[in-house]
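What follows is a short report on a single structure.
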Amino acid sequence: MVLLKPTDITARGLILLFYLVFYGFLAALFTFTMWVMLQTLSSDIPKYRDRISSPGLMISPKPVTALEFAFNKSDSRSYETYTASLRNFLASYNDSKQSRNIVCTSGQPFEQKEDLGKKACRFNRTQLGPCSGLEDENFGYAKGTPCVLVKMNRIIGLKPEGEPYIQCFSKEEGKVQITYFPAGGTIDLMYFPYYGKKLHAHYLQPLVAVQLAINSNSTKEEITIECKILGSPNLKNEDDRDKFLGRISFKVQMSE
Amino acid sequence: MGKKRADVYSVEVCGPTDLEKIDEGDERYKDLKGNKGKPKKKDELKKELELDDHRLSVEELEEKYGTSITKGLSSARAAEILARDGPNALTPPKATPEIIKFLKQMVGGFSILLWVGALFSWVSFGIQLAQGVDSAFDNLYLGVVLALVVVLTGIFAYYQEAKSTNIMASFSKMIPQQALVIRDAEKKEISAEQLVVGDIVEIKGGDRIPADIRLIFAQGCKVDNSSLTGESEPQSRSCDFTHENPLETKNIAFYSTTCLEGTATGIVINTGDSTVIGRIASLASGVGNEKTPIAIEIQHFVYMVAGVAISIGVLFFIISVSMRYKILDSIIFLIGIIVANVPEGLLATVTVSLSLTAKRMAKKNCLVKNLEAVETLGSTSIICSDKTGTLTQNRMTVAHLWFDNQIFQADTSENQTTQTFDQSSQTWAALSKIVTLCNRAEFRPGQENVPIMKRIVGGDASETALLKFSEVILGDVMDVRSRNKKVTEIPFNSTNKYQLSIHETEDPNDKRFLLVMKGAPERILERCSTIMINGKEEPLDSEKAEAFQTAYMELGGLGERVLGFCHLYLPEDEFPDTYPFDTDSMNFPTSNLCFVGLLSMIDPPRSTVPDAVCKCRSAGIKVIMVTGDHPITAKAIAKSVGIISATSETVEDIAKRLNVPVEHVNRRDATAAVVNGMELKDMTLEQLDEILNNHSEIVFARTSPQQKLIIVEGCQRQNAVVAVTGDGVNDSPALKKADIGIAMGIAGSDAAKNAADMILLDDNFASIVTGVEEGRLIFDNLKKTIAYTLTKNIAELCPFLIYIIASVPLPIGTITILFIDLGTDIIPSVALAYEKAESDIMNRRPRNKKKDRLVNQQLAVYSYLQIGIIQSIGAFLTYFTVYAEQGFLPSTLLGVRVNWENNYINDFEDSYGQEWTKYQRTYLQWSGYTAFFVSITIEQVADLIIRKTRRNSIFQQGLFRNKVIWVGIFSQIAIALILCYGLGSVTALNFTPLRVQYWFVAVPYAILIWVYDEFRKLLIRRYPGSWWDKNMYY
């Protein structure tokens, strides 16, 4: 144990005190400037959307690692995570959850002027047909016709032009038949624009279900599916660097 | 101890006794040459004794060297020998091979740390590649960039060093020496380097002896052996074999000594390194070169920063591992921390700053050979200076006159044009006539337009002084001489100690002859019976003789060389027009003359020196005079330049004043000391230490150049940083031993220049003082540079720490950090080297090399823990602002790292419910990098401004005095703009074009930095010595 001289203790104490005050002041200043900065922000919409001019595509369910589905259609445990994830995801599309949502006019953007409480458009799970999970709680995984939901990222204020629809194709010809729900993979314009989490609390983004009927002779093979958003000039899908901008590609490997 | 010390001066190869000792005792040289190559050295020294050419007759010599004294060697034969022996030049000290120098730069300083970083990058690249991670190549590039940084800064440092070495090389080539040689029976002028053994060379007054030469013909030849033996008295040379010892015999002249007058012809017997001087020089090269103070400081700094880097790195490696990060990730964090902590550009900046100062010094006549020596001069606490030529003008000048019982003072400044003492007396008229006539010196023709004091004169030093003196006063001396035609003369010789001449007078009516005489005052007085007072001859009674004695003693006591002058008008009847004067039979009177006056001469101090010494004194630098001159002269000069101040006394002075024996005086009462070389020889180490310790004003007189080494070592034992000036070959050990050796550019020998770290182009002591000032300034400015550079390291480091602990998206990337360290920050940190001093630079003591570190605790703490932290939070504010305004509020950012960086999460939700793809997030992350980078740049501008001063307010220093700072600021912002907007589209650089307002987010913090620092400086100025001062002043 080293005994410090009293002068040492005072000196150290002073230094400690100084840094306490100094950092206390800095912390306060930082907090204050952060507060000022946050005051300038709206809680409804972000100030800028510089980096997200065009939405990305994403699928559900999302395999844990990478975008590679691998399951055995006769082994329910092998696709359990996918179906659970789908059920979970679609739960918010249940009619019970959509009681406040209104039926909107299809085919045109649903712009709302009033500031508070933007209405959300209804999206019926039934539109997803066999992929809705209402009839087949295994979403076709047990039958070798797995469903994958394709959704477009939410971006505040985004209004797609034209008639956007999702189209997927397999790189390998003839191994898989793709069916879209709603038919043609269309995304209705009435779900746009999005007004943000706070104003548009019950908003549900439109979904396109893609059912993959994998040929029985193509089992155990890895099938690459690429989906794109088409039909809308302001939604990019060919970006060199961003592989998920308006498109997505995933792999499916099914065994029996 | 004392015994051991004696070893050192036995290098003095001047005494015949020493030479034999050298043969027996190899041990004696251990101080000078280290342990290696002992047998070789011994052989060489033996060879020295085998030199027997002085004993041989001319015929034997001709036979031995296959030459002819009339025809010389044939060109072909000479070429053969040249090929065998090599050129006649001293081999410069063995240079480190270029490749070694280069490799040293590659591993020195922070390089090792960066290499480790690069290695880690490659290892993680390898692992990630094997795992098939997409971003693996980022690590490969990072490693390549780090390696590139090391290599480029290494190349840069190497280039800088090479450049300063080249200055030296060009300097030594500026003055190629020529030699007049007989070859193929023809006289030829060839470069002295081409001389070979057996060549017949001719030498005349003023030449430097081009090799060791056995004289075969000599006429009135005198040489100055001071560069060899330290003895400044000219020595005559003839072709006679006068001594067994080759160093003592008169018929050998040595390489690098100077022929003062006369002519001689001789056979070259040794060339280059085998000459006597060459062998001494090679001994000197064994003296170890001390590490320069700035090198020690930089090493200290490197260790400190590396220590911080490694400890933080390891600490966070452990933290991240225990936070269950993957080892590989932890290693990548470690690289980031190292890169953030290491100021990559700093060592290059230091080199540039030093070379800028070196350039500035070169303009002020200090040529720096070794860049680091620039600063050494600034930390110098003792200067051991030569007298002749450095402190003095190196020419005799009339300083005082005594006539009419009165002492008159003459102007001794460098460019005198008139003399102002009272010249109305008739005695002066008589005296000036004697001075003019009794003088054999003459101006070399064709110098009418040259100022009198600068004209070249044929004649010895005293006569030159007298000639110039009378030319200044009387005008055309040659005209006066031609009007008073010389009839006969007796030149000065050492037995008579007088010089006499007899002239016709210029007055056509006066047919008398005028006999004029000058010489040693006591000898002159002996021959006089009368003395001239106010133009009248008066009998020389004892009272007047007493007055003469007093004046003589007084002038002599000033260390001046005194000459007496007398004359006699020969009676016309005894000595008619046609009288045959005969100097052999002395058929004219040489006694009962009329004494006219005394003139005293001295080599006066350079007019700038007293001021320079005074500056040294106020700068706390002790100036020690080390001279081969007589103690009285040395002391007089020391007093006149202020090395011994007017009020201080030596022990001898006190003894004289109190009229007690020297032994009874308390040595500590005396502030000054004049130490004779003879006393020094018998001193023990302790005695020398005591003298160096107890006296503030010291003069070493009658010292040999070798004793300088002992004095230097003594000073170094007092923990002083010692600067030594020297010019002779024998000074080279002292020059090497000194912390900074300063060789004379004009008078210096090549060996001295080789051994020195710095060359004084004008040989002027005052230039050293300006060098000291520059050196101190650069030390202060380097402090500022380092403080400036270290500050942002925290702002670069914090992001990594927050990233690891809070798992926010990475605020700044490694590459971006490199762009700050090697991009925006470089010019500003160099600009600090141009900062002017904060007023008191030459009024403070030299830094204590143990205590006043370049990078002290205060500097590190203030930079790291205060300004650095302010910078970091300023930059974080910008970072959070960018993310918040784009949709990610700070609360959303915490803990997102894993998902944020997941390549397959492409619907990452922000605070507003929007969803982001990975690339969109990455692009946002780069915007964050850019914003963080921009903030650091903006805050570094404030940092740059506050670093201009350490104590003074910016307003005292002036914001605009240092224009380069503004160049720095503009360059910094320009580079940031280019990176942000110009290269924002180059993905590999991770910059993105930024919204303009983000440039201003950190401005309040920049202002805070400036205000806080002004506040700090204010308290430091207000409360010196307070707790605040001690902890906040760096």
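Bear in mind that the values here come from a model prediction, so they are computed numbers and not experimental data.
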Chain B shares the most heavy-atom pairs under 4.5 Å, among A:I155, A:L14, A:L38, with A:L14
Side-chain contact test, heavy atoms from C-beta onward, threshold under 4.5 Å: evaluate it for B:S807 versus B:V896 and give yes or no. no
Just so I understand: if I count every heavy-atom pair under 4.5 Å between each of B:T992, B:T917, B:N906 and chain A, which residue has the most? B:N906
Let me know if A:S54 has heavy atoms under 4.5 Å from chain B in its side chain, its backbone, both or neither. backbone
Do A:R122 and A:C104 come within less than 4.5 Å of each other through their side chains, counting heavy atoms only? no
So which of B:F876, B:F888, B:Y1012 has the biggest tally of heavy-atom pairs under 4.5 Å with chain A? B:Y1012
Between chain B and each of A:D50, A:I45, A:L67, count heavy-atom pairs under 4.5 Å; write down the option with the most. A:D50
What part of B:R921 lies closer than 4.5 angstrom to a heavy atom of chain A: side chain, backbone, both or neither? neither
Measuring heavy-atom distances to chain A, does B:P890 have an atom under 4.5 Å in its side chain, in its backbone, in both, or in neither? side chain
For a 4.5 angstrom cut-off between non-hydrogen side-chain atoms, does B:Y929 reach B:L810? yes
Heavy-atom distances under 4.5 Å only: say whether B:W916 touches chain A with side chain, backbone, both or neither. both
Region of B:Y1005 in contact with chain A, defined by heavy-atom distances below 4.5 Å: side chain
Mind ranking A:Q205, A:K198, A:M152 by heavy-atom pairs under 4.5 Å with chain B and telling me who comes out on top? A:Q205
So does A:D239 pair up with A:K236, basic N to acidic O under 4.0 Å? no
If you count heavy-atom pairs under 4.5 Å between each of B:G887, B:G874, B:A884 and chain A, which one has the most? B:A884
Who in residues 81-93 of chain A is close to chain B, using a strict under-4.5 Å heavy-atom cut-off? none
Find out whether A:F110 and A:L189 are in side-chain contact, i.e. whether some heavy atom of one side chain is under 4.5 Å from a heavy atom of the other. no
Does anything in residues 243-250 of chain A reach chain B? List residues with heavy atoms under 4.5 Å apart, or say none. A:F244, A:L245
Do the side chain of B:R950 and the main chain of B:Y1034 share a donor and acceptor less than 3.5 angstrom apart? yes
I'd like to know if B:E901 pairs up with B:K918 as an ion pair, taking the criterion as any Lys NZ or Arg NE/NH1/NH2 lying under 4.0 Å from an Asp or Glu carboxylate oxygen. no
Between B:S872 and B:C798, what is the shortest heavy-atom contact and its length? OG-SG, 3.6 Å
Heaviest contributor of heavy-atom pairs below 4.5 Å to chain B, chosen from A:K47, A:K151, A:R154, is A:R154
So B:Y862 and B:D1013, do their side chains get closer than 4.5 Å, heavy atoms only? yes
Salt bridge B:K792-B:D943, side-chain N to carboxylate O under 4.0 Å: no
Would you please indicate if the ring centroids of A:W35 and A:F30 are separated by under 6.0 Å? no
Checking heavy atoms, do the side chain of B:L865, its backbone, both or neither come under 4.5 Å from chain A? both
Between A:H200 (side chain only) and A:K119 (backbone N and O only), is there a donor and an acceptor less than 3.5 Å apart? yes
Under 3.5 Å: donor-acceptor pair, side chain of B:S1026, backbone of B:Y1023: yes
In terms of heavy-atom pairs under 4.5 Å with chain A, the winner among B:K1030, B:Q920, B:E885 is B:E885
A:I166 side chain reached by A:I187 side chain, heavy atoms, under 4.5 Å: yes
Side-chain donor or acceptor of B:N1031 paired with backbone N/O of B:W1027 under 3.5 Å: yes
Do any pairs count as a salt bridge (Lys or Arg N to Asp or Glu O under 4.0 Å) and have a residue in residues 15-27 of chain A, sequence neighbours left out, and if so which ones? none
Quick check on A:L29 against chain B: is it the side chain, the backbone, both or neither that has a heavy atom closer than 4.5 Å? both
Heavy-atom check, side chain of B:V1003 versus side chain of B:F1000, under 4.5 Å: yes
From the options B:Q866, B:Q940, B:E796, select the one residue that forms a side-chain hydrogen bond (donor to acceptor under 3.5 Å, both in side chains) with B:Q871. B:Q940
For residues 18-26 of chain A, give me every residue with a non-hydrogen atom less than 4.5 Å from any non-hydrogen atom of chain B. A:F18, A:Y19, A:F22, A:Y23, A:F25, A:L26
Decide yes or no for A:F123 and A:L128: does some side-chain heavy atom of the first lie under 4.5 Å from some side-chain heavy atom of the second? yes
Could you walk me through whether B:Y879 and B:Y883 pass the ring pair (Phe, Tyr, Trp, His ring centres under 6.0 Å) check? CA-CA 6 Å; B:Y879 161 81; B:Y883 277 83; 4.7 Å; yes
In terms of heavy-atom proximity below 4.5 Å to chain A, should B:W926 be classed as side chain, backbone, both, or neither? neither
If I measure from the heavy atoms of chain B, does A:M34 come under 4.5 Å with its side chain, its backbone, both, or neither? both
Look at the side chain of A:Y194 and the backbone N and O of A:K197, then say whether any donor-acceptor pair between them is shorter than 3.5 Å. yes
